[in-house]
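Here's the structure we're looking at; comments come further down.
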2 protein chains.
Amino acid sequence: MKLEAAKAQFIQTWGSLATQWGINKTMAQIHALLLITPDPISQDDLMEELSISRGSANMNIRELIDWGLVDRVIKPGERKEFFLAEKDIWKVFRQIVKERKKRELEPLLKVLEQLKAVDGEKKNREAKAFTDTIENIQKFVGQADKSLDTMIKADENWFWGNLIKLIK
Amino acid sequence: MKLEAAKAQFIQTWGSLATQWGINKTMAQIHALLLITPDPISQDDLMEELSISRGSANMNIRELIDWGLVDRVIKPGERKEFFLAEKDIWKVFRQIVKERKKRELEPLLKVLEQLKAVDGEKKNREAKAFTDTIENIQKFVGQADKSLDTMIKADENWFWGNLIKLIK
DNA sequence: TAAAAGTTTCAATAACTTTTGAAAGATTAG
DNA sequence: CTAATCTTTCAAAAGTTATTGAAACTTTTA
């Protein structure tokens with residue numbers, strides 16, 4: 001397989017996987033291209049390689065920087081900005097978990113906490129089932145939240161090493 | 001907070017969370033309603049409660065059954081079908097992981113395997129960076145895949161208990 | 001300071017996804 | 001068998017999300 005074809009397929013695969021996870025396809029494709037390219041790339045080159053417009057490139061690059069997955073790089077003597085992705089997949093993964101946790105799990109926990117305060121007077125079947133489910137979800141999400149916190153701080157070898165010990 | 005309001009908020013929260021994860025909002029809302037309702041519900045009641053059409057209800061219910069999150073229930077003497085959701089969140093979570101793993105991780109591993117076979121003759125900087133990244137992703141995804149396999153089989157208490165011990 | 005080079009914004013448009021509901025297809029009771 | 005009841009399908013419509021590209025803005029150079 002030729003390098004160009006392999007690159008193209010990786011970019012496309014990464015992009016379609018992303019859409020299944022609620023992530024913008026173009027953003028994932030830019031990320032994919034940066035992941036497999038050793039040197040920093042300019043916005044113009046990204047636009048060229050992926051056939052995307054200036055606006056889209058700019059917006060998605062900014063989002064990637066926001067997620068902490070891509071860094072702006074200034075080359076001495078060059079006017080343009082260049083972009084470089086973190087290549088260590090474990091770090092990338094932790095960064096994504098960290099962001100999603102902050103954006104999703106934490107707000108969810110707040111909502112669940114409120115929902116427990118449903119009028120408890122009438123301890124009927126319906127109200128009981130509702131609070132039971134909410135409390136179970138809350139426990140589950142709370143536990144996941146804590147575990148992820150630890151994982152974010154953990155070192156890759158330590159984490160996998162222990163997990164593998166645990167599951168063997 | 002009144003039960004009806006709390007239910008409505010839970011359904012809405014679950015639905016919008018789902019869209020962030022690439023899951024159809026209506027499907028998640030149906031799931032949410034079934035989660036907090038102790039008894040089986042008919043399609044007509046689902047349509048009524050969530051204000052959705054017959055077609056959408058049917059399609060999304062089928063998808064939920066496909067995901068193994070909802071069961072069809074036949075009530076003796078009734079012509080209609082009723083639907084009931086698994087209430088144990090740990091089981092729900094494992095089921096979702098199992099499905100996504102099958103639908104996404106396993107195909108991804110196949111693609112990655114192919115991509116490693118990039119023309120290796122020219123061991124240039126670019127080709128090197130590409131295969132390095134692909135191999136790293138492959139290792140990572142492969143490890144995750146195995147760990148998830150074990151998790152799927154694990155019992156809740158066993159899993160959390162050990163994970164908490166591990167991370168403390 | 002003016003022109004050049006680069007970056008960002010945003011309204012219009014395109015692409016994609018979901019929903020609708022009427023029609024066709026099943027199944028059951030009588 | 002056939003009428004009644006319930007379920008499924010699917011093409012059109014609505015709704016949602018992403019992309020475009022020209023214009024506005026900012027920074028740098030000379």
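In what follows, every chain begins at residue 1, and chains take the letters A, B, ... in the order their sequences are listed. All values below come from the heavy atoms of this structure, side chains included, with hydrogens, waters and symmetry mates left out.
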Donor-acceptor check, side chain of A:Thr133 to backbone of B:Leu35, threshold 3.5 angstrom: yes or no? yes

Between the main-chain N or O of B:Ser16 and the side-chain N or O of B:Thr19, is there a donor-acceptor pair closer than 3.5 Å? yes

5'-most by nearest nucleotide on DNA chain D - A:Gly55 or A:Arg79: A:Gly55

Length of the CD1-P vector between A:Ile52 and C:dT13, whole Å: 22 Å

Check the hydrophobic clustering (I, L, V, M, F, W, Y; side-chain heavy atoms under 4.5 Å; chains of links allowed) and say if B:Val92 and B:Ile61 are grouped together. yes

Taking A:Asp39's backbone N and O only, do any of them form a donor-acceptor pair with B:Arg125's side chain (distance below 3.5 Å, no angle check)? no

Separation of A:Glu78 atom CD from C:dT7 atom P, in whole Å? 11 Å

Take B:Asn60 and A:Glu81, find for each the nucleotide of DNA chain C with the closest heavy atom, and name the residue whose nucleotide sits nearer the 5' end. A:Glu81

Around atom CE of B:Met27, are there more than 12 heavy atoms of other residues, nucleotides or ligands at under 6.0 Å? yes

Residue B:Ser53, side-chain atoms from C-beta onward, closest of C:dG6, C:dG21, C:dT9: C:dG21

Quick one: is A:Arg54 getting a side-chain N or O under 4.0 Å of the C:dG6 phosphate, OP1 or OP2? no

Neighbours of DNA chain D within residues 12-29 of chain A, by heavy-atom distance under 4.0 Å: A:Asn24, A:Thr26

Determine yes or no for a side-chain-to-main-chain donor-acceptor pair under 3.5 angstrom, with B:Ser51 supplying the side chain and B:Met47 the backbone. no

Taking any atom under 4.0 angstrom from a heavy atom of chain B, which nucleotides of DNA chain D are the first and last to qualify, 5' to 3'? D:dA4 to D:dT9

Between C1' of C:dA29 and NZ of B:Lys80, the distance in whole Å: 17 Å

Distance-only, no hydrogens or angles: does the B:Lys87 side chain make a donor-acceptor pair with backbone N or O of B:Thr37 under 3.5 Å? yes

